[in-house]
Amino acid sequence: QVQLVESGGGLVQAGGSLRLSCAASGLTFSRYFMGWFRQAPGKEREFVAVIRNYGSTYYADSVKGRFTISRDNAKNMVYLQVNSLKPEDTAVYHCTAGKAEDISMLTIRNSRQYDYWGQGTQLIVSS
């Protein structure tokens with residue numbers, strides 16, 4: 001079965017950096033868009049970033065210029081480099097996978113377009 005396992009979260013001071021990782025298994029990785037969504041306490045899950053199967057990237061306005069998503073199709077890995085962190089970045093970050101042929105560019109930021117989800121890794125940014 002498909003598994004997405006995130007790692008790399010933690011406690012970091014405002015202005016700091018981390019790299020979140022997601023290891024995928026049980027799917028043909030190169031056929032999937034890979035994304036990151038986040039959910040803060042008491043809030044709905046929100047789009048952070050997505051990378052298409054061959055590299056185009058999309059970001060939420062709130063993270064553009066600070067976060068970078070990347071993938072390694074040979075290793076079935078996706079990464080999220082998070083820089084210049086702010087307290088409002090505090091959330092559980094979830095990795096997600098969606099079939100490339102099923103996702104429209106109009107809905108690429110919609111969580112319902114994605115088929116598989118990891119359990120998440122928590123990022124806490126202190127002020």
Side-chain angles (χ1 to χ4, degrees):
Q1 70 274 23
V2 176
Q3 283 193 311
L4 302 176
V5 180
E6 303 94 336
S7 61
L11 174 63
V12 63
Q13 288 189 330
S17 299
L18 280 177
R19 189 176 79 157
L20 308 183
S21 300
C22 173
S25 60
L27 74 171
T28 305
F29 188 74
S30 62
R31 293 183 180 178
Y32 282 77
F33 288 12
M34 299 299 297
W36 290 92
F37 284 70
R38 67 187 181 187
Q39 189 164 17
K43 295 188 176 181
E44 293 187 354
R45 188 170 293 187
E46 67 171 356
F47 169 77
V48 175
V50 65
I51 184 166
R52 295 175 65 177
N53 42 340
Y54 289 110
S56 300
T57 57
Y58 302 83
Y59 296 94
D61 288 343
S62 59
V63 308
K64 202 173 294 183
R66 300 187 298 120
F67 291 11
T68 303
I69 189 171
S70 60
R71 65 189 293 161
D72 184 335
N73 285 352
K75 295 181 179 179
N76 286 14
M77 295 290 296
V78 62
Y79 306 99
L80 186 69
Q81 179 67 38
V82 296
N83 299 329
S84 302
L85 284 163
K86 305 175 182 180
E88 52 263 42
D89 295 318
T90 294
V92 176
Y93 284 71
H94 296 273
C95 177
T96 187
K99 290 181 183 177
E101 61 265 33
D102 292 341
I103 298 178
S104 159
M105 290 304 103
L106 294 176
T107 58
I108 199 168
R109 294 171 174 82
N110 187 333
S111 62
R112 291 191 294 272
Q113 298 298 304
Y114 295 86
D115 304 301
Y116 304 106
W117 294 85
Q119 291 297 310
T121 186
Q122 186 162 39
L123 173 60
I124 300 173
V125 183
S126 63
S127 57

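Sequence positions, counted from 1, serve as the residue numbers for this chain.
For the pair N53 and Y32, the minimum side-chain heavy-atom distance is 4.5 Å or more. For the pair W36/F67, no side-chain contact is recorded, criterion being any heavy-atom separation below 4.5 Å from C-beta on. Looking only at side-chain heavy atoms (C-beta outward), V78 and L4 stay at 4.5 Å or farther from each other. T121 has its side chain out of reach of V92: every pair of non-hydrogen atoms, C-beta onward, lies at least 4.5 Å apart. Looking only at side-chain heavy atoms (C-beta outward), F47 and N110 stay at 4.5 Å or farther from each other. Side chains of V50 and T57 form no contact here, defined as non-hydrogen atoms less than 4.5 Å apart.
With sequence neighbours excluded, the residues satisfying salt bridge (charged side-chain N to carboxylate O under 4.0 Å, His left out) with E46 are R38. N76 is linked by a side-chain hydrogen bond (donor to acceptor under 3.5 Å, both in side chains) to nothing, counting only residues two or more places apart in sequence or in another chain.
Annotation: Q119, atom CD; neighbour count of heavy atoms from other residues, nucleotides and ligands within 6.0 Å does not exceed 12. At most 12 non-hydrogen atoms from other residues, nucleotides or ligands lie less than 6.0 angstrom from CD of Q13.
A donor-acceptor pair is defined here as one N or O able to donate and one able to accept, closer than 3.5 Å; no such pair exists between the side chain of S84 and the backbone of G15. Side chain of R66 to backbone of S62: a donor-acceptor contact under 3.5 angstrom is found. Within the 3.5 Å criterion, the main-chain N or O of I124 finds no donor-acceptor partner in the side chain of T90. Distance alone, capped at 3.5 Å, places no donor-acceptor pair between the Y93 side chain and the E6 backbone. Looking only at distances, no side-chain donor or acceptor of T28 sits under 3.5 Å from a matching main-chain atom of S30. Counting only distance, with no hydrogens or angles, the side chain of Y114 and the backbone of I108 share a donor-acceptor pair below 3.5 Å.
Between atom CZ of residue R52 and atom CE of residue M34 there is a gap of 15.5 Å, rounded to the nearest 0.5 Å. Rounding to the nearest 0.5 Å places CG of L80 at 7.5 Å from OH of Y59. In this structure, S70 OG and I51 CD1 are separated by 6.0 Å, a value rounded to the nearest 0.5 Å. Atom-to-atom distance recorded for D72:CG and M77:CE is 8.0 Å, nearest 0.5 angstrom.
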Q | Stepwise side chain to side chain contact (heavy atoms under 4.5 Å, CB included) check, Y54 with N73 | A | CA-CA 9 Å; Y54 289 110; N73 285 352; 4.2 Å; yes
Q: Start with the C-alpha distance between R45 and H94, add both sets of side-chain angles, then the distance that settles side chain to side chain contact (heavy atoms under 4.5 Å, CB included), and finish with yes or no.
A: CA-CA 9 Å; R45 188 170 293 187; H94 296 273; 3.6 Å; yes
Q) What do the steps show when you test I69 against Y79 for side chain to side chain contact (heavy atoms under 4.5 Å, CB included), and what is the final call? A) CA-CA 6 Å; I69 189 171; Y79 306 99; over 6 Å; no
Q) Between V12 and L123, is a side chain to side chain contact (heavy atoms under 4.5 Å, CB included) present by the stated rule, with each step listed? A) CA-CA 8 Å; V12 63; L123 173 60; 3.8 Å; yes
(Q) Using the rule given for side-chain hydrogen bond (donor to acceptor under 3.5 Å, both in side chains), can you reason through S17 versus N83, listing the C-alpha separation, both sets of side-chain angles and the distance that settles it, and then say yes or no? (A) CA-CA 4 Å; S17 299; N83 299 329; 2.9 Å; yes
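Screening residues 53-93 for disulfide bond (SG atoms under 2.5 Å apart), with sequence neighbours left out, gives no hits.
When all heavy atoms of A14 and P87 are compared, the closest pair comes out as CB-CD, 4.2 Å. When all heavy atoms of Q113 and S104 are compared, the closest pair comes out as OE1-N, 4.4 Å.
Both the sub-6.0 Å distance and the 45° axial angle are satisfied by R71 relative to the ring of F29.
For W117 and F37, the gap between ring centers is short of 6.0 Å.
A salt bridge does not link K86 to D89: none of the charged side-chain nitrogens sits closer than 4.0 Å to a carboxylate oxygen.
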